[in-house]
Number of protein chains: 2
Amino acid sequence: MNSNGDGPAQSRETGTLGKLMVLLDLVTHADAPLRFTDILALAGQPRGTLHRQLSHLVEEGLLELDGDGRYAPGLRLLDFAARSWARNEFRLIAEPHLADLQQATGETVHLGVLRGQSIIYLDKVEGRQPVRMYSQIGNASPCYCTGVGKAALSLLPAESLGDLIAGLSFTSFTASTHVSAETLLEEIREIADQGFAFDREEHEAGIRCVAAPVWSEDRTFIGGVSITGPAYRLSMELLRQWAVPVQLAAGRIMEGMRVRLGPRR
Amino acid sequence: MNSNGDGPAQSRETGTLGKLMVLLDLVTHADAPLRFTDILALAGQPRGTLHRQLSHLVEEGLLELDGDGRYAPGLRLLDFAARSWARNEFRLIAEPHLADLQQATGETVHLGVLRGQSIIYLDKVEGRQPVRMYSQIGNASPCYCTGVGKAALSLLPAESLGDLIAGLSFTSFTASTHVSAETLLEEIREIADQGFAFDREEHEAGIRCVAAPVWSEDRTFIGGVSITGPAYRLSMELLRQWAVPVQLAAGRIMEGMRVRLGPRR
DNA sequence: AATTAAGTTCCAAATAATGGAATAGCGATA
DNA sequence: TATCGCTATTCCATTATTTGGAACTTAATT
């Protein structure tokens, strides 16, 4: 009963680990540090069991327990993530092309990949203000209401796509958010035809984007590149024009992957 | 040979979880994705056991297995970290004071906290180029050769300090790196007296810094703020002058924590 | 002081992890 | 194409860990 819209995508209940990950999810998704009793209610586990599980997570640095008995995400997670990010080949190869795209348009550029039902943003290049770390990078967003997400979906074979969409539970973030599998599927087909996707203020009011699909040779990374900005500055006409440079950038990233990894595969 | 001095700090072998975390550590610390056999050699576990453990980690998105059978850190780690970072109160409170310090000096400012034997960088404010995400944030560095690290150590009570230092294994990163508990302990005492610490190119040749200790009321966060830069630009005299603004910034951060959290504790 | 709530510890029973061995997959070589 | 050698995967009786109800401690409240 702890499912909440875009929550944990997979969870085949991997024995002990799976149960612990559910707890980590609970704590990291909470708006504020949780007390033991709060988690007890959310997790629906016996007190003794829950207590030991939390203790183990704290001992490993995945959670932290402050002086008031409140559990917060542990900083060891940062270390893991920093390594994960620093060495990610897909991101490393995409980096210069994202920068070029940002230069060409002056707007914010994102790189994201599909993981389960979510898009995880791997990189972001912003124009004006110095980038606010982790502001977007690492964030998981729904696939059905983001440009990158829909671009990624358009790459899936019919069957996987059907399965994935069947498993979605739609949250209406704005008036334009898709709330039915039918209309979403219809747009995905259109995107597959034309080779790029729009986000027409579907995730956040006043924010539009145009995205193109990107994937790695071995399909480990299925995602997209996007240009994002405020609706008042980015007319739909302008976005339509930008579809071309976004697709070109996507193409260059894929070419980069082929050169870097292709020969050996 | 991928052990680099500041490896896994704790690990009380928390049953099943502990063993899995050792594997996660192995993979995230590796310079390149590892194949099954590589991990087999490093982990020293029976094949069957290792295989199932890795499968569980992959199922949970903590590791990823590419088409060539190579294991890399999983992107789910990014999502966890992004949440962990975004809501960290210590960082949120410190943020404006770090920015002020950067403005005042024009050099790079760091905020780090002690976790086990490592300093984990929570934030970074850089002057020139737009911040390269995760570049430093989240990174774990040794406590005995960084300004923030030594500042943090100077806050520990004698006994804990002794225990921690006794458990260190020193890696000589540069000619100036402390390589003995004695000289380190001596400098820590000096730092405790004067209230600030230098890094005299001890971690990276050509890089100096001055740091001041910061801690939260409940001692959950013990760390420091620092100004870092190239030795040719930052003379020791200049660093000595900057000790004052760094200590002031540290004081303001602690005051911020007191205001925000103090009343209720 | 009495009462309620919050957190911690205990231990027999249930469950999951272990690890040795057999099996399957895949390139390279003959 | 058959065979070898290496790598990865599956299987299952044994072993170790987790489970969860209950008792216990501690802190807050009336």
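Computed from a predicted model, the values in this text were never measured in an experiment. Quick note on labels: first sequence line is chain A, next is B, and so on, each numbered from 1. The basis for the numbers below is simple: all heavy atoms, side chains too, and nothing from hydrogens, waters or symmetry mates.
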Side-chain donor-acceptor pairs of residues 247-257 of chain B under 3.5 Å, sequence neighbours excluded:
from	atom 1	to	atom 2	distance (Å)
Gln247(B)	NE2	Gly195(B)	O	3.0
Glu255(B)	OE1	Arg258(B)	NH1	2.6

Side chains of [X] and [Y] in contact at under 4.5 Å (non-hydrogen atoms):
{"X": "Leu26(B)", "Y": "Leu23(B)", "answer": "yes"}
{"X": "Phe80(A)", "Y": "Pro73(B)", "answer": "no"}
{"X": "Arg189(B)", "Y": "Leu185(B)", "answer": "yes"}
{"X": "Val58(B)", "Y": "Ser55(B)", "answer": "no"}
{"X": "Val148(A)", "Y": "Val225(A)", "answer": "no"}
{"X": "Trp215(A)", "Y": "Phe221(A)", "answer": "no"}

How many Å lie between [atom1] on [X] and [atom2] on [N], as a whole number?
{"X": "Lys19(A)", "N": "dT15(C)", "atom1": "NZ", "atom2": "C1'", "answer": "7 Å"}
{"X": "Gln53(A)", "N": "dT8(C)", "atom1": "CD", "atom2": "P", "answer": "15 Å"}
{"X": "Leu34(A)", "N": "dA6(C)", "atom1": "CG", "atom2": "P", "answer": "15 Å"}
{"X": "His56(A)", "N": "dA16(D)", "atom1": "NE2", "atom2": "P", "answer": "17 Å"}
{"X": "Leu54(A)", "N": "dT19(D)", "atom1": "CG", "atom2": "C1'", "answer": "15 Å"}
{"X": "Leu20(B)", "N": "dT17(D)", "atom1": "CG", "atom2": "P", "answer": "13 Å"}

Quick one: side-chain hydrogen bond (donor to acceptor under 3.5 Å, both in side chains) pairs with a partner in residues 145-159 of chain A, sequence neighbours left out?
-> Lys150(A)-Glu187(A), Lys150(A)-Glu202(A)

Under the 6.0 Å and 45° cation-pi test, does Arg87(A) pair with Trp85(A)?
-> no

With respect to the phosphate group of dA17(C), does any side-chain polar atom (N or O) of Gln45(B) fall under 4.0 Å of OP1 or OP2?
-> no

Has Thr16(A) got a side-chain N or O lying under 4.0 Å from the OP1 or OP2 atom of dA17(C)?
-> yes

For nucleotides 5-10 of chain D, 5' to 3', base contacts (B), sugar-phosphate-only contacts (S) and non-contacts (-) with protein non-hydrogen atoms under 4.0 Å give --SBBB

For Arg47(B), does its backbone N or O pair with a side-chain atom of His51(B) as donor and acceptor, under 3.5 Å?
-> no

Would you name the heavy atoms of Leu78(A) and Ala81(B) that are closest together and state the gap between them?
-> CD2-O, 3.7 Å

Below 3.5 Å is the cut-off: list the nitrogen or oxygen pairs between protein and nucleotides 25-30 of chain D, distance only.
none

Determine, for Arg70(B) against Asp218(A), whether the closest basic-nitrogen to carboxylate-oxygen distance falls under 4.0 angstrom.
-> no

Between Arg83(A) and Asp79(A), is the closest basic N to carboxylate O distance under 4.0 Å?
-> yes

Quick test: give all pairs of protein nitrogen or oxygen and nucleotides 23-26 of chain C nitrogen or oxygen below 3.5 Å, distance rounded to 0.1 Å.
none

Give the angle between the helix axes at the two ends of the helix from dA1(C)-dT30(D) to dA30(C)-dT1(D), taking five base pairs at each end and rounding to 10°.
-> 40°

